[in-house]
Protein chains: 2
Amino acid sequence: MTSTSTNSGRPKAAAEGAPRRRSRGSTALASERREHLVRLAADLFAEKGFQATTVRNIAEEAGILSGSLYHHFDSKESIVDEILAGFFEEIMTAYRGVLDEGGDPRATIAGLVRIAFGTLEPHRAAITVMQNDWSYLQSMPRFAYLAKSEDEVEKMWVDAIRAGQDADLFRADIDPKLTYRMIRDTIWVAVRWFKPGGRLDAQGLADHYLKVMFDGINTH
Amino acid sequence: MTSTSTNSGRPKAAAEGAPRRRSRGSTALASERREHLVRLAADLFAEKGFQATTVRNIAEEAGILSGSLYHHFDSKESIVDEILAGFFEEIMTAYRGVLDEGGDPRATIAGLVRIAFGTLEPHRAAITVMQNDWSYLQSMPRFAYLAKSEDEVEKMWVDAIRAGQDADLFRADIDPKLTYRMIRDTIWVAVRWFKPGGRLDAQGLADHYLKVMFDGINTH
DNA sequence: CCTGGTCGAACAAGCGATTGGGCGCACCCG
DNA sequence: CGGGTGCGCCCAATCGCTTGTTCGACCAGG
């Protein structure tokens, strides 16, 4: 129990894992005010990263004072935790859906790529934070689950690539792990310049990338 | 390491050996000590980024107090400036060398890719900083030259890609600018997991990437 | 009255930066 | 040879500011 202070027994019901179900009679809302604040924070994280965003930034964006934030969250970390956890939950579910479809490896990889690109817009903040503040988060036990989830994701991709090689769909002279990393990095890093509503939407990007990834940039 | 250091004299200074020859009154400003400090700072920047690294971190790594750093540098920014400027100078020179060789577009792109991967090891700090703190640096007039250099680099790549398309070496249905960005980002972002001395060195990475980029992962 | 939400003020810790002084060494002049 | 001087390098202390966080008071509305 090193964890964060946790002192001053605020009956906060803990920010612990279990998704909030309707608790007791009043208010189905897990506080829509709170949700709104998370969205505001996410926008700032997406712009500048987690460490570079101050609680006063967030509060100002919401039109309140920094201290008031602590009525809704018990720390700045718990805000980003909520964002990251939601992201991983969603993407892993989507990934598993593709795997369960059981198409050929080429279709599987294409599916994974499309999903990943699809998260670019709704999960800008989480992706930005993971890129900018990964090493910082890794130094905190609280976020150890991130590495675990990332490992699981890597396994999905690598297995699909290997399956493709075994089926002679993908060339045998590429390194599955290395190839996965390159695909992953190429997709996530796009969060830096991708702006929704631009010339190309996320799926357009995905199509463009799939072309290049499967067949290369050479003419044939 | 607060140790009751005997304040007087130079108890530490371990690493450094060779108090070297005398260099008359007017040194070229390239003090050895200073260079050493820049390297230490670079290592920290490479680990955590620029903003996340404090001057006290740097000083501690060098076994001195933070104030002492200001005998060598006039600000934390000037340290990173030195690192970034050196990086751009080197890579742009190398890029121009490839262009001047005047090979076909395919050879040119391959050359650029190899150079970029080659900087991964010696310029980890600069690349990390550019990824983590780009927007922060951009907000300071002092670092406006970064955007300028980046534009020039982009032009080199895009021109080479376009030339390849005109010569029917690269497929016409890829977007040159988009393709450049993906190549660039994929290479630089590798700085996050690339560790010198690992299974693959930088040139091995480059070769693998060129294979995939030119011909894709499909079998043919 | 209770409860959710906020203010306003403060806190300790840490930040980049500045200052003045002191040490020890290489050098020069006598 | 020896005392003086300049300089590279560092310490110690401190400045003004920002950080995340705490906490009592207050104010609405059901």
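It should be emphasised that the depicted structure is a prediction, and the values quoted were computed from it without experimental measurement. Naming convention: chains lettered A, B, ... in sequence-line order (proteins, then strands); numbering from 1 in each chain.
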query: Under 6.0 Å from the six-membered ring centre of B/Phe50 and within 45° of its axis: does the NZ or CZ of B/Lys76 meet both?
result: yes
Nucleotide [N], atom [atom2] - distance to [atom1] of [X] in whole Å:
| X | N | atom1 | atom2 | result |
| --- | --- | --- | --- | --- |
| B/Lys76 | C/dA17 | NZ | P | 8 Å |
| A/His36 | C/dG5 | NE2 | P | 13 Å |
| B/Arg34 | D/dC10 | CZ | C1' | 17 Å |
| B/Phe73 | C/dA17 | CZ | C1' | 15 Å |
| A/His71 | C/dG4 | NE2 | C1' | 5 Å |
| A/Gln51 | D/dT19 | CD | P | 13 Å |
| B/Glu60 | C/dG14 | CD | C1' | 14 Å |
| A/Glu35 | C/dG4 | CD | P | 17 Å |

Remember a base hit wins even if backbone is also touched, and classify A/Ser66 as base, sugar-phosphate or nothing at under 4.0 Å, heavy atoms. base
Q) Contact class for A/Ile64 (heavy atom, under 4.0 Å): base, sugar-phosphate, or nothing? A) sugar-phosphate
Here the gap from A/Arg199 atom CZ to A/Asp201 atom CG, rounded to the nearest 0.5 Å, amounts to 11.5 Å
Are B/Ile109 and B/Phe214 close enough that some pair of their side-chain heavy atoms sits under 4.5 Å apart?
yes
Item to check | Flag side-chain contact, heavy atom, 4.5 Å: A/Arg184 against A/Glu150 | outcome: yes
Of C/dA17, C/dC7, D/dC10, the nucleotide closest to the side chain of B/Ser75 is C/dA17
Closest heavy-atom pair, B/Glu47 versus A/Ser135, reported as atoms and distance to 0.1 Å, is O-OG, 3.6 Å
Presence of [X] side-chain N/O under 4.0 Å of [N] phosphate oxygens OP1/OP2:
| X | N | value |
| --- | --- | --- |
| A/Tyr70 | D/dT22 | no |
| B/His72 | D/dC10 | yes |
| B/Ser68 | D/dC9 | no |

Heavy-atom nearest nucleotide on DNA chain D taken for A/Gly67 and for A/Thr54; more 5' hit belongs to A/Thr54
Side-chain-base donor-acceptor pair under 3.5 Å for A/Arg56 and D/dG20: yes
- Query: Is there a donor and acceptor pair closer than 3.5 Å between the side chain of B/Arg33 and the base of D/dG8?
  - Reply: no
